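Right, one structure below, let's go through it.
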Amino acid sequence: MEKYSFNAEQVTKDLIQWTKDWFAQNGANANVVVGMSGGKDSTVAAAILCKALGADRVIGVGMPDVDSGQGLNDADKISEYLGIRFLNVSVSAACQGISESIKAAGIELSQQSEQNVPPRIRMTTLYAIGQALNGRVVNTCNLSEDYIGYATKFGDGAGDFSLFANLTVTEVLAIGDYLGLPYEWVHKTPDDGLPHSSSDEKKIGFMYAELDKFIREGIVPEGHCHDNPEEPTKLEKIENMHRWNLHKILPMPSFKIGE
């Protein structure tokens, strides 16, 4: 079996051309709306879009939720660095309003339900801005996070087109480095943005680098999650997360007459 290799320069050029071609078919004069979280994916995506379309057509949107402690996380600084238009749209009131309305109807939201409200409100915000400004909404999720379900269905998992759905975290980082983006933004530790929260990798119990080698080369990560023998092995955790979350990335099942 030939060893897997990744050519960041070639893939970056191909990605830029693919983006140009997609917009030629799906909005030759359209803008593009990017939810700027301050993380690696939105940063690298915005940079690719600037290369493909020009910074004047890229609209970055920061959507802090002050009530939950989620701030801009440098999204405004990154947008300024890239030279794109930046909109600061707080989602706090919307998130609080929908949660209170549901509770008023007699439903007590679970912690996970509460956590998934902001990502879905954010996607609603991006589409509202996109429709107002003749924009297409980019999905910035990557293959690694999609593989284990680290995206909210109809939240950050939505979009009109995806740049990184077939690229691992390792590969997105390599593209960011090839583009010469500031290291501290490209290699920022991924987390949920909440105060006092731990990183994604600490929560799931294995490194994205281990997951990426498994996805690309079939190399099984050794040991147990969090190096704790009482927890599942890393392989078991990866396979279970992938199986449990397939519904997020597969097309919606639909009934067909005669089947």
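Note that the coordinates shown come from a computational prediction; the quantities given were computed from them, not determined experimentally. Quick note: numbers below take in every heavy atom, side chains included, and nothing from hydrogens, waters or symmetry partners.
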**Prompt:** Does Val138 belong to the same Ile/Leu/Val/Met/Phe/Trp/Tyr cluster as Ile249, with side-chain heavy atoms less than 4.5 Å apart forming each link?
**Reply:** no
**Request:** State whether the number of non-hydrogen atoms from other residues, nucleotides or ligands found under 6.0 Å of Gln17 atom CD is greater than 12.
**Result:** yes
**Minimum heavy-atom distance between Ala46 and Leu82, given as atom pair plus value** = CB-CD1, 3.6 Å
**Asked** Are any non-hydrogen side-chain atoms of Glu80 and Phe86 less than 4.5 angstrom apart?
**Response** no
**Asked** What is the ring orientation for Trp18 with Phe161, classed by angle as parallel under 30°, tilted 30 to 60°, or perpendicular over 60°?
**Response** tilted
**Asked** Counting only N and O atoms by type, is there a donor-acceptor contact under 3.5 Å from the side chain of Arg136 to the main-chain atoms of Asn26?
**Response** yes
**Message:** Is there a side-chain contact between Leu211 and Ile238 in this structure, where contact means two heavy atoms from C-beta onward sitting under 4.5 Å apart?
**Reply:** yes
**Asked** Should Ile48 and Leu53 be regarded as members of a common hydrophobic cluster, given that ILVMFWY residues are connected when their side-chain heavy atoms come within less than 4.5 Å of each other, either directly or indirectly?
**Response** yes
**Prompt:** Are any of the side-chain heavy atoms of Arg216 and Leu143 separated by less than 4.5 Å?
**Reply:** yes
**Request:** Decide yes or no on side chain to side chain donor-acceptor pair (under 3.5 Å) for Asn116 and Gln112, but give the supporting numbers first.
**Result:** CA-CA 6 Å; Asn116 281 324; Gln112 191 171 26; 5.4 Å; no
**Request:** Please check if the side chain of Lys237 supplies one atom and the backbone of Cys225 the other of a donor-acceptor pair under 3.5 Å.
**Result:** no
**Item:** Flag side-chain contact, heavy atom, 4.5 Å: His226 against Phe206
**Value:** no
**Prompt:** Does a donor on one side chain and an acceptor on the other come within less than 3.5 Å for Lys248 and Asn245?
**Reply:** yes
**Flag for Gln25-Asp21: side-chain donor and acceptor within less than 3.5 Å** = no
**Asked** Taking Asp41 for the side chain and Cys141 for the main chain, is one N or O donor matched with an acceptor at less than 3.5 Å?
**Response** no
**Message:** Taking Tyr4 as the starting point, is it possible to reach Ile215 by hopping between hydrophobic residues whose side chains are less than 4.5 Å apart?
**Reply:** yes
**Request:** Using the rule that two of Ile, Leu, Val, Met, Phe, Trp, Tyr join whenever any of their side-chain heavy atoms come within less than 4.5 Å, decide whether Val220 and Tyr147 are in one cluster.
**Result:** yes
**Prompt:** Between Glu145 and Asn142, does any side-chain donor sit less than 3.5 Å from a side-chain acceptor?
**Reply:** yes
**Asked** Does the side chain of Thr152 reach to within under 4.5 Å of the side chain of Arg120, using non-hydrogen atoms?
**Response** yes
**Prompt:** Taking C-beta and beyond as the side chain, do Tyr150 and Met241 meet within less than 4.5 Å on heavy atoms?
**Reply:** yes
**Asked** Under a 4.5 Å side-chain heavy-atom rule over Ile, Leu, Val, Met, Phe, Trp and Tyr, are Tyr208 and Phe6 clustered together?
**Response** yes
**Item:** Salt-bridge criterion met for Glu184 and Lys188 (N-O under 4.0 Å)
**Value:** no
**Item:** N-O pairing of Lys234 and Glu210 below 4.0 Å
**Value:** yes
**Request:** Grab the two heavy atoms, one from Ile84 and one from Cys50, that are nearest each other, plus how far apart they are.
**Result:** CG2-SG, 3.3 Å
**Item:** Side-chain donor-acceptor pair present, Glu231, His224, cut-off under 3.5 Å
**Value:** no
**Message:** Applying the side chain to side chain donor-acceptor pair (under 3.5 Å) criterion to Ser144, which one of Thr170, Asp200, Thr168, Asp212 satisfies it?
**Reply:** Asp212
**Fill in**
To the nearest 0.5 Å, atom OG of Ser90 lies from atom CD of Gln70 at 11.0 Å
**Asked** With a cutoff of under 4.5 Å between side-chain heavy atoms, which Ile, Leu, Val, Met, Phe, Trp and Tyr residues group with Ile121?
**Response** Val33, Ile59, Val61, Met63, Leu87, Val89, Val91, Ile98, Ile102, Ile107, Leu109, Val117, Met123, Leu126, Tyr127, Ile129, Leu133, Val137
**Message:** Taking Phe214's backbone N and O only, do any of them form a donor-acceptor pair with Glu217's side chain (distance below 3.5 Å, no angle check)?
**Reply:** no
**Request:** State whether Lys103 and Glu114 are salt-bridged, where the test is any N-O pair (Lys NZ or Arg NE/NH1/NH2 against Asp/Glu carboxylate O) under 4.0 Å.
**Result:** yes
**Item:** N/O donor-acceptor pair under 3.5 Å between Asn31 side chain and Gly130 backbone
**Value:** no
